[in-house]
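Structure first, then comments.
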Amino acid sequence: MKKIISTSGAPAAIGPYSQAVEVNGLVITSGQLPIDPATGSFPEGIQAQTKQSLTNVRAILTEAGTDMDHVLKTTVFLKDMNDFAAMNEVYASFFTEGCFPARSAVEVARLPKDALVEIEVIAAK
């Protein structure tokens with residue numbers, strides 16, 4: 001049975017979707033933009049936006065009863081692949097060394113609200 005995950009610790013959905021769903025022991029998040037849930041705004045720069053996107057992911061996983069160490073797969077959408085190294089530096093700090101999840105990272109033409117990054121994950125409970 002599918003369970004909807006929702007928390008005020010991450011920005012509310014800006015369309016007809018859930019922050020995350022849980023099914024069969026997996027938590028699947030929607031892509032998380034770098035929106036600060038307290039202010040509704042983006043921080044400046046790729047590193048700050050990566051940190052905010054992953055902070056939002058962490059809040060959703062916490063609400064679901066899991067954490068970043070249980071992330072199996074991430075997908076990172078970048079506005080500019082030239083930001084990869086700077087994003088990667090912040091990204092690495094959210095995971096335990098030697099326990100990194102599988103990942104895809106792609107450059108996209110445009111992200112909602114003109115964000116620099118959007119990140120989605122699949123985690124185990």
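Note that the NZ atom of Lys125 and the OG1 atom of Thr66 stand 7.0 Å from one another [nearest 0.5 Å]. A distance of 9.0 Å separates CZ in Phe94 from OG in Ser53, rounded to the nearest 0.5 Å. Here Arg58 contributes atom CZ and Thr29 contributes atom OG1; the two are 14.0 Å apart, rounded to the nearest 0.5 Å. From Leu116, atom CG reaches atom CG of Leu78 across 9.0 Å, with rounding to the nearest 0.5 Å. Expressed to the nearest 0.5 Å, how far CE of Met68 lies from OG1 of Thr55 amounts to 8.5 Å.
Looking at every heavy atom in both residues, Pro11 comes nearest to Pro37 through N-CB, 3.8 Å. The two residues Gln19 and Ala10 make their nearest non-hydrogen contact at NE2-O, 3.2 Å. Scanning all heavy atoms of the two residues, the minimum distance from Phe77 to Leu111 falls at O-CD1, 3.7 Å.
A donor atom on one side chain and an acceptor atom on the other are not found under 3.5 Å apart for Ser41 and Asp36. Counting only N and O atoms by type, the side chains of Lys51 and Ser93 include no donor and acceptor under 3.5 Å apart.
Hydrophobic clustering keeps Val57 apart from Tyr17 (ILVMFWY residues linked when any side-chain heavy atoms are closer than 4.5 Å, directly or through intermediates). Side-chain heavy atoms closer than 4.5 Å link hydrophobic residues (I, L, V, M, F, W, Y) into clusters, and following such links, possibly through other members, connects Val27 to Phe100. Leu26 and Phe95 fall into different hydrophobic clusters, defined by Ile, Leu, Val, Met, Phe, Trp and Tyr side-chain heavy atoms under 4.5 Å apart, directly or through other members. Follow the hydrophobic side-chain contacts under 4.5 Å out from Val21 and you reach Leu72 in the same cluster. Connection of Ile28 to Ile4 is established within a shared hydrophobic cluster, with ILVMFWY side chains joined at heavy-atom distances below 4.5 Å, either directly or through further cluster members.
Within 6.0 Å of CG in Asp114 there are more than 12 heavy atoms belonging to other residues, nucleotides or ligands.
A side-chain donor-acceptor contact under 3.5 Å links Ser30 to the backbone of Ser18. No donor-acceptor pair closer than 3.5 Å links the side chain of Asn56 to the backbone N or O of Pro34. Under the 3.5 Å distance criterion, the side-chain polar atoms of Thr50 are left unmatched by any main-chain donor or acceptor of Val90. Panel note: side chain Gln47, backbone Met87; no donor-acceptor pair is recorded below 3.5 Å. Of the possible donor and acceptor atoms, none in the side chain of Gln32 sits under 3.5 Å from a partner among the backbone N and O of Glu120.
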Verify side-chain contact (heavy atoms from CB on, under 4.5 Å) between Ile119 and Leu54, making sure each step is shown before the conclusion. CA-CA 7 Å; Ile119 301 172; Leu54 287 168; 3.7 Å; yes
Decide side-chain contact (heavy atoms from CB on, under 4.5 Å) for Thr75 and Lys73; before the verdict, give the C-alpha distance in whole Å, the side-chain angles of both, and the deciding distance to 0.1 Å. CA-CA 7 Å; Thr75 306; Lys73 169 77 168 73; 3.3 Å; yes
Please test Leu61 against His70 for side-chain contact (heavy atoms from CB on, under 4.5 Å), starting from the C-alpha separation and ending with a verdict. CA-CA 9 Å; Leu61 295 180; His70 288 86; over 6 Å; no
Checking Val23 against Met1 for the side-chain contact (heavy atoms from CB on, under 4.5 Å) test, could you report, in this order, the C-alpha distance in whole Å, the side-chain angles of both residues, the deciding distance, and whether it holds? CA-CA 6 Å; Val23 65; Met1 173 169 272; over 6 Å; no
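Here the side chains of Ile60 and Ile5 are in contact, with some heavy-atom distance below 4.5 Å. Side-chain contact check for Val71 versus Thr74: some heavy-atom pair is nearer than 4.5 Å. The shortest side-chain heavy-atom distance between Ile35 and Lys113 falls under the 4.5 Å cut-off. Using a 4.5 Å cut-off on side-chain heavy atoms (C-beta onward), Arg103 and Asn88 make contact. Side chains of Lys79 and Val117 form no contact here, defined as non-hydrogen atoms less than 4.5 Å apart. Two residues are said to be in side-chain contact when any heavy atoms from C-beta on lie closer than 4.5 Å; Glu118 and Pro112 meet this criterion. Within the 4.5 Å cutoff, the side chain of Phe42 has heavy atoms near those of the Gln49 side chain.
Salt bridge annotation for Lys2-Glu22: absent, with no cationic side-chain nitrogen under 4.0 angstrom from a carboxylate oxygen.
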